[in-house]
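For reference, the structure discussed in these notes is given below.
Side chains included, hydrogens not; waters and symmetry mates left out as well; all remaining heavy atoms used. Residue numbers begin at 1 in each chain, while the letters A, B, ... track the order of the sequences.
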Protein chains: 2
Amino acid sequence: MRVISKSGEYGLRALLYMASNQENAGYFNIREMSDELDISFHFLTKILQVLTQKGILQSYRGPNGGITFLKNPEDITLADLIRALEGDDFFDKCLLGLPGCGERQPCPMHAYWMSIRNNLKTEFETTTLADLGNDTRLKQFRLIA
Amino acid sequence: MRVISKSGEYGLRALLYMASNQENAGYFNIREMSDELDISFHFLTKILQVLTQKGILQSYRGPNGGITFLKNPEDITLADLIRALEGDDFFDKCLLGLPGCGERQPCPMHAYWMSIRNNLKTEFETTTLADLGNDTRLKQFRLIA
DNA sequence: TTAATTAAAGATAAAATACTCTTAATTATT
DNA sequence: AATAATTAAGAGTATTTTATCTTTAATTAA
């Protein structure tokens, strides 16, 4: 089950990395992060730009510039991040992909899937980056098979 | 959230259709089904072939041929169907897409995601086509916006 | 003024997905 | 035996999505 795209994966990895290296102070240099996380610099830059536009991160140009959190990690939920990178309707799609499926015209899977989807949504909405980042320091951001 | 591919959607729609029209007896003609469900005949044929190879359906060639259930709808779970069409590792993938992520080398999201994933898996493993097909007769297989 | 950085937009490449076409095999009917 | 109706199988094509790269602009520090 591919739940999120590469953009989502990279964004999540980047934010977890940042959340677990907050002592860093100042701005995170994107080039360094992209090296560290083994993500294409330009691709990562674009992803972080989106998160900046969505009000999750804050950027600063010029020497010693970079990015940092605008909202605190305690206030950024997994759902925020995923909605920003995968689209606002992420948690609202019909399992069968039928156009027009909804309360008024439910598809055969509607009620069943909605309940599952809502559980997932709740889970993601109540988990913050801080929750995840806490003991992340010890863990792997890059695993090589 | 796109959980399943078009193949998965089409396969699920087709099986729900069949499960809710069992009085039909005999074999379901694929051409008719593809018309009814508005799915390309050749594409649907291929999907159903996979399900036949996986031992979920049974086919019969020649005049009045078609497909029917090999296993009973009460014995086909959503998980069976999805595994057949999306791959056996559907419920086992790392949220971050990291190679080598597992118990021995967990990624930062591992424990968290595994628990969510397992709930979903259990849900899908305990829901059969019969459960879903029961009152499907009344519902829409094609919704037009 | 220069160098270091992110911003932005567009171009390209690669991969995955979706779909189509053709031919073969099987079966019923005549 | 011949024909027509079907699914099987595999190859081929098209489309879409995802990922990446390139270039230029804007901003800032030194």
Give a yes/no answer on whether the side chain of B:S40 brings an N or O atom under 4.0 Å of OP1 or OP2 in C:dA18.
no
What is the distance from CZ of A:F41 to C1' of C:dA7, rounded to the nearest Å?
11 Å
Sorted by chain and residue number, the salt bridge (charged side-chain N to carboxylate O under 4.0 Å, His left out) partners of B:D75 (sequence neighbours excluded) come out as none
What I'd like to find out is whether the side chain of B:L78 reaches to under 4.5 Å of the side chain of B:L129, using heavy atoms alone.
no
Lys/Arg-Asp/Glu bridge criterion (N-O < 4.0 Å) met for B:R83, B:E125:
yes
Can you list the residues that meet the salt bridge (charged side-chain N to carboxylate O under 4.0 Å, His left out) rule with B:K71, with sequence neighbours excluded?
B:D80
Evaluate the ring planes of A:F124 and A:F91, with Trp represented by its six-membered ring, and classify them as parallel (under 30°), tilted (30 to 60°) or perpendicular (over 60°).
perpendicular
With nearest nucleotides of DNA chain D determined for B:T52 and A:G8 from heavy-atom distances, which residue corresponds to the more 5′ nucleotide?
B:T52
Calculate the interatomic distance between A:I4 atom CD1 and D:dT18 atom P; express it in whole Å.
12 Å
Round to the nearest Å and state the distance from A:L51 atom CG to C:dA7 atom P.
11 Å
Mind checking B:L48 for me? I need base, sugar-phosphate or nothing, with any heavy atom below 4.0 Å counting as a touch.
nothing
Would you tell me if any nitrogen or oxygen in the side chain of A:S59 comes within less than 4.0 Å of OP1 or OP2 on C:dA7?
yes
Identity of whatever pairs with D:dT17 - Watson-Crick or G-U, under 3.5 angstrom
C:dA14
Whole angstrom is fine here: how far is it from CG in B:L44 over to P in C:dT20?
12 Å
For A:T45, answer base if it contacts any base atom (sugar-phosphate contacts may also be present), sugar-phosphate if it contacts only those atoms, and nothing otherwise; contact means non-hydrogen atoms under 4.0 Å.
nothing
Just to be sure I understand the rule, does A:I30 reach a base, reach only the sugar-phosphate, or reach nothing, if contact means heavy atoms closer than 4.0 Å?
sugar-phosphate
Rounded to whole angstroms, how far apart are CG on B:L57 and P on D:dT7?
12 Å
Using the salt bridge (Lys or Arg N to Asp or Glu O under 4.0 Å) rule, collect all pairs that involve residues 88-107 of chain A, keeping only residues at least two apart or in two chains.
A:D92-A:K121
Protein N or O to nucleotides 26-30 of chain C N or O, pairs below 3.5 Å:
{"unit_1": "C:dT27", "atom_1": "O3'", "unit_2": "B:Y60", "atom_2": "OH", "d": "2.7"}
{"unit_1": "C:dA28", "atom_1": "OP1", "unit_2": "B:Y60", "atom_2": "OH", "d": "2.7"}

Decide whether B:S5 and B:E86 meet the rule of one side-chain donor and one side-chain acceptor closer than 3.5 Å.
yes
Between A:Q22 and A:F69 the two heavy atoms that sit nearest each other are NE2-CD1, 3.5 Å
Go through the steps to decide whether B:S115 and B:N118 satisfy the test side chain to side chain donor-acceptor pair (under 3.5 Å), and finish with yes or no.
CA-CA 5 Å; B:S115 131; B:N118 283 343; over 6 Å; no
Between CD of B:E86 and P of C:dA18 the distance, given in whole Å, is 8 Å
To the nearest angstrom, the CZ-P distance between A:F43 and C:dA14 comes to 15 Å
Let me know the distance between CD of B:E9 and P of C:dT17, rounded to the nearest Å.
12 Å
Anything under 3.5 Å between a protein N or O and an N or O of nucleotides 10-17 of chain D, put it in a table, one pair a line.
{"unit_1": "D:dA11", "atom_1": "N6", "unit_2": "B:K46", "atom_2": "NZ", "d": "3.1"}

Among residues at least two apart in sequence or on other chains, which ones pass ring pair (Phe, Tyr, Trp, His ring centres under 6.0 Å) with B:F41?
none
Please state whether the phosphate of C:dT6, meaning OP1 or OP2, lies under 4.0 angstrom from any side-chain nitrogen or oxygen of A:Y27.
no
